[in-house]
Amino acid sequence: MKEFLIANPIWFETTLAMVGVLAGGFGALLGLGGGFILIPFLTLVLGVNIRYAVGASLVSVIATSSGAAAAYVRDRMTNVRVAILLEIGTTLGAITGVAIASRINPAGLFLLF
């Protein structure tokens with residue numbers, strides 16, 4: 001199946017779009033961002049290198065998080081002070097995580113994930 005999807009760009013892109021919608025929906029509902037669906041799908045089903053899968057997941061999670069956050073802020077369901085503190089912490093954590101992940105062997109990164 002993996003070879004079929006990779007060899008046919010239309011099927012590959014359609015599959016990615018459907019999984020993206022699914023991951024975005026679950027990410028917005030559960031507050032997880034969708035990476036828990038995207039990374040295993042990209043690596044295990046499509047055979048994408050884990051570093052590329054993590055990068056693609058992070059970019060797509062930004063869109064999901066921004067869209068869901070806008071709706072929560074609009075409905076006044078967000079404590080903005082807490083959100084700003086969390087944002088600072090997660091930004092520092094992301095920078096640290098990228099620095100560590102760039103030095104880890106992909107097999108070790110896969111095991112860590």
Side-chain angles (χ1 to χ4, degrees):
M1 169 107 178
K2 181 174 21 175
E3 292 80 16
F4 174 76
L5 287 173
I6 293 171
N8 296 298
I10 293 173
W11 283 104
F12 183 78
E13 292 171 6
T14 303
T15 303
L16 285 179
M18 289 188 307
V19 171
V21 168
L22 177 74
F26 279 123
L29 286 172
L30 303 175
L32 297 171
F36 73 102
I37 294 173
L38 289 176
I39 295 173
F41 181 80
L42 289 171
T43 56
L44 299 174
V45 176
L46 297 180
V48 174
N49 183 310
I50 190 160
R51 291 183 186 198
Y52 294 126
V54 169
S57 174
L58 287 172
V59 170
S60 66
V61 166
I62 290 170
T64 302
S65 299
S66 298
Y72 284 113
V73 170
R74 182 192 66 228
D75 294 341
R76 301 191 190 286
M77 296 175 59
T78 305
N79 184 333
V80 177
R81 288 183 182 175
V82 172
I84 290 172
L85 290 173
L86 288 172
E87 188 174 315
I88 292 169
T90 55
T91 301
L92 294 173
I95 292 169
T96 304
V98 167
I100 293 170
S102 65
R103 291 172 175 74
I104 295 176
N105 182 359
L109 186 60
F110 194 82
L111 181 65
L112 187 73
F113 182 77

>> If hydrophobic residues (ILVMFWY) are linked whenever their side-chain heavy atoms come closer than 4.5 Å, directly or via other members, who joins Tyr72 in its cluster?
In response: Met77
>> Grouping I, L, V, M, F, W and Y whenever their side-chain heavy atoms are under 4.5 Å apart, do Leu22 and Phe12 come out in a common cluster?
In response: yes
Going by atom type alone, with no hydrogens or angles, which donor-acceptor pairs under 3.5 Å involve a side-chain atom of residues 44-56 and a protein atom two or more places apart or on another chain?
residue : atom : partner : partner atom : Å
Asn49   : OD1  : Arg51   : N            : 2.8
Arg51   : NH2  : Ile104  : O            : 2.0

>> If you count every heavy atom of other residues, nucleotides or ligands that lies below 6.0 Å from Ile10 atom CD1, does the total exceed 12?
In response: no
>> Restricting to side chain to side chain contact (heavy atoms under 4.5 Å, CB included), what partner residues turn up for Thr96, sequence neighbours left out?
In response: Ile100
> For Ile84, which residues count as a side chain to side chain contact (heavy atoms under 4.5 Å, CB included) partner, sequence neighbours excluded?
Replying inline: Val80, Ile88
> Of all heavy-atom pairs between Ala99 and Ser102, which one has the smallest distance, and what is that distance?
Replying inline: O-OG, 3.0 Å
Donor-acceptor pairs under 3.5 Å, side chain of residues 105-113 to any protein atom, not counting sequence neighbours: which ones?
residue : atom : partner : partner atom : Å
Asn105  : OD1  : Ala107  : N            : 3.4

> Which hydrophobic side chains are connected to Val82, either touching it within the sub-4.5 Å cutoff or through other members that do?
Replying inline: Leu86
>> Rounded to the nearest 0.5 Å, what separates atom CZ in Arg81 from atom CG in Leu85?
In response: 10.0 Å
> Which heavy-atom pair separates Leu38 from Gly20 by the least distance, and what is that distance?
Replying inline: CD2-CA, 4.3 Å
